S.K.: 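My questions will all concern the structure given below.
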There are 2 protein chains.
Amino acid sequence: MEEPKAFTKHDHAGCARAAMRHAEVAAAEHGLRLTPVRRRTLEILLEEHRALGAYEVLERLAASGFGTQPPVAYRALDFLVEHGLAHRIRRLNAFAACAQPGTAHAPAFFICESCDHVAEAPAKEVRAALDGAAEAIGFAIARSSIEAVGQCPTCRSNP
Amino acid sequence: MEEPKAFTKHDHAGCARAAMRHAEVAAAEHGLRLTPVRRRTLEILLEEHRALGAYEVLERLAASGFGTQPPVAYRALDFLVEHGLAHRIRRLNAFAACAQPGTAHAPAFFICESCDHVAEAPAKEVRAALDGAAEAIGFAIARSSIEAVGQCPTCRSNP
DNA sequence: TCCGTATTGTTATAACATCACATTTGAGTT
DNA sequence: AACTCAAATGTGATGTTATAACAATACGGA
């Protein structure tokens, strides 16, 4: 798995384009319908490596000519999350585009309190440890969330 | 650290009493004020190994003669969380009494979808792995949450 | 083309959380 | 005992996040 890009300078336009392209391919392959609202929702999330609240997404969808009511945003967001194209960040009650689409993953999220960027990092060891803890008590994990709040490398060095 | 009790039969009255006693001692030691609302709030959370929404807590506080407005519950809950007597379960937007009060901990939570019980389990290895992942990307963790949803041992065997 | 399902739109409302400000309580002082 | 200041509580109003319910529409397959 790659290094997370959220906290480092990178060709973001390309990064977003690649994610969009991945979504299209995945949709085609799995018979999903990447409809206009859904596509636009993903575009909106891909604009930045931040998590956006549903209402923030909704505003922009409305501005783009889609419906103006909460379910419009929630449905599109739920679709993206369900198909691994976005993640829900529980700590923020918000959503972020998936930064490593395609790679089988259940990442950990690192949320910078200073710049609001959210990075998705490989969490194989963390998952393994969590699975171990679950096994120890006989618990069967269906899904889990691992989220950390703190300071990203950039904000740490520019206080 | 002990085995989590949430998923296993145990002397819950004693379990709650012990937690309450711990809170009293901790309050005395640290000069905290375990006022009536706060005490009652903790009692409410201790009734079950479940997470309760703030409004659920509020209802019961009101029934006990305390204020009827949201801040009443939120303030008491925030106090308990701040001092390690309760935890906030982000995934549920709810609160649960701390089941291992006193032991320095940053536990993982296991939430049973069937019976709603929430167990707090030691997560030393999980934290270590998370710290490792953070270090790898230069992120400084301030706080983090590790939560898993699934089936507890009891519900697994009684489908 | 027709049918049934998935998707979208809209209204309404539920659930969760905080702000602002008045009032009371309590510990430490005079 | 009265005084003072800070902490804690109560309350009304409001902000934010999320879902229910149902009508209208679009879409893919028979």
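Please read all numbers here as calculations on a predicted model, not as lab measurements. Chain letters run A, B, ... following the sequence lines, proteins first, then strands; residues in each count from 1.
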S.K.: Going by the angle between their ring planes, with limits at 30° and 60°, are B/F139 and A/F7 parallel, tilted or perpendicular?
M.R.: parallel
S.K.: Atom CZ of A/R90 and atom C1' of D/dT16: how far apart are they, to the nearest Å?
M.R.: 16 Å
S.K.: Hey, which of these two, B/V72 or A/L92, hits DNA chain D nearer its 5' end, going by closest nucleotide?
M.R.: B/V72
S.K.: Rounded to the Å, how far apart are B/F95 CZ and C/dC16 P?
M.R.: 10 Å
S.K.: To the nearest Å, give me how far apart CG (B/L58) and P (D/dG10) are.
M.R.: 11 Å
S.K.: Of B/F79 and B/N93, whose nearest nucleotide on DNA chain D comes first from the 5' end?
M.R.: B/F79
S.K.: Look at the rings of B/F79 and B/H83 and say which category their plane angle falls in: under 30° parallel, 30 to 60° tilted, over 60° perpendicular.
M.R.: tilted
S.K.: For nucleotides 18-28 of chain C, just jot down a letter per nucleotide in 5' to 3' order: B, S or -, based on protein non-hydrogen atoms under 4.0 Å.
M.R.: BB------S--
S.K.: D/dT17 P sits how many Å from B/R91 CZ, rounded?
M.R.: 18 Å
S.K.: Keeping the roles fixed (side chain from A/H12, backbone from A/L46), state whether a donor-acceptor pair exists under 3.5 Å.
M.R.: yes
S.K.: Using atom CD of A/E56 as one end and atom C1' of D/dA18 as the other, report the distance to the nearest whole Å.
M.R.: 16 Å
S.K.: Do the side chain of A/R127 and the main chain of A/A106 share a donor and acceptor less than 3.5 angstrom apart?
M.R.: yes
S.K.: Relative to the ring of B/Y74, is the ring of B/F95 parallel (under 30°), tilted (30 to 60°) or perpendicular (over 60°)?
M.R.: perpendicular
S.K.: C/dA15 P sits how many Å from B/E59 CD, rounded?
M.R.: 10 Å
S.K.: How would you label the contact of A/R38 with the nucleic acid (heavy atoms, under 4.0 Å): base, sugar-phosphate, or nothing?
M.R.: sugar-phosphate
S.K.: Without swapping roles, check the side chain of B/R156 against the backbone of A/G138 for a donor-acceptor pair under 3.5 Å.
M.R.: yes
S.K.: Do any side-chain nitrogens or oxygens of A/T35 fall under 4.0 Å of OP1 or OP2 in C/dT8?
M.R.: yes
S.K.: Using a 3.5 Å distance criterion without hydrogens, assess whether the side chain of A/E147 forms a donor-acceptor pair with backbone atoms of A/I89.
M.R.: no
S.K.: Please report, rounded to the nearest Å, how far the P atom of D/dT16 is from the CG atom of A/L77.
M.R.: 18 Å
S.K.: Whole Å only: how far is the CG atom of B/L32 from the C1' atom of D/dA7?
M.R.: 13 Å
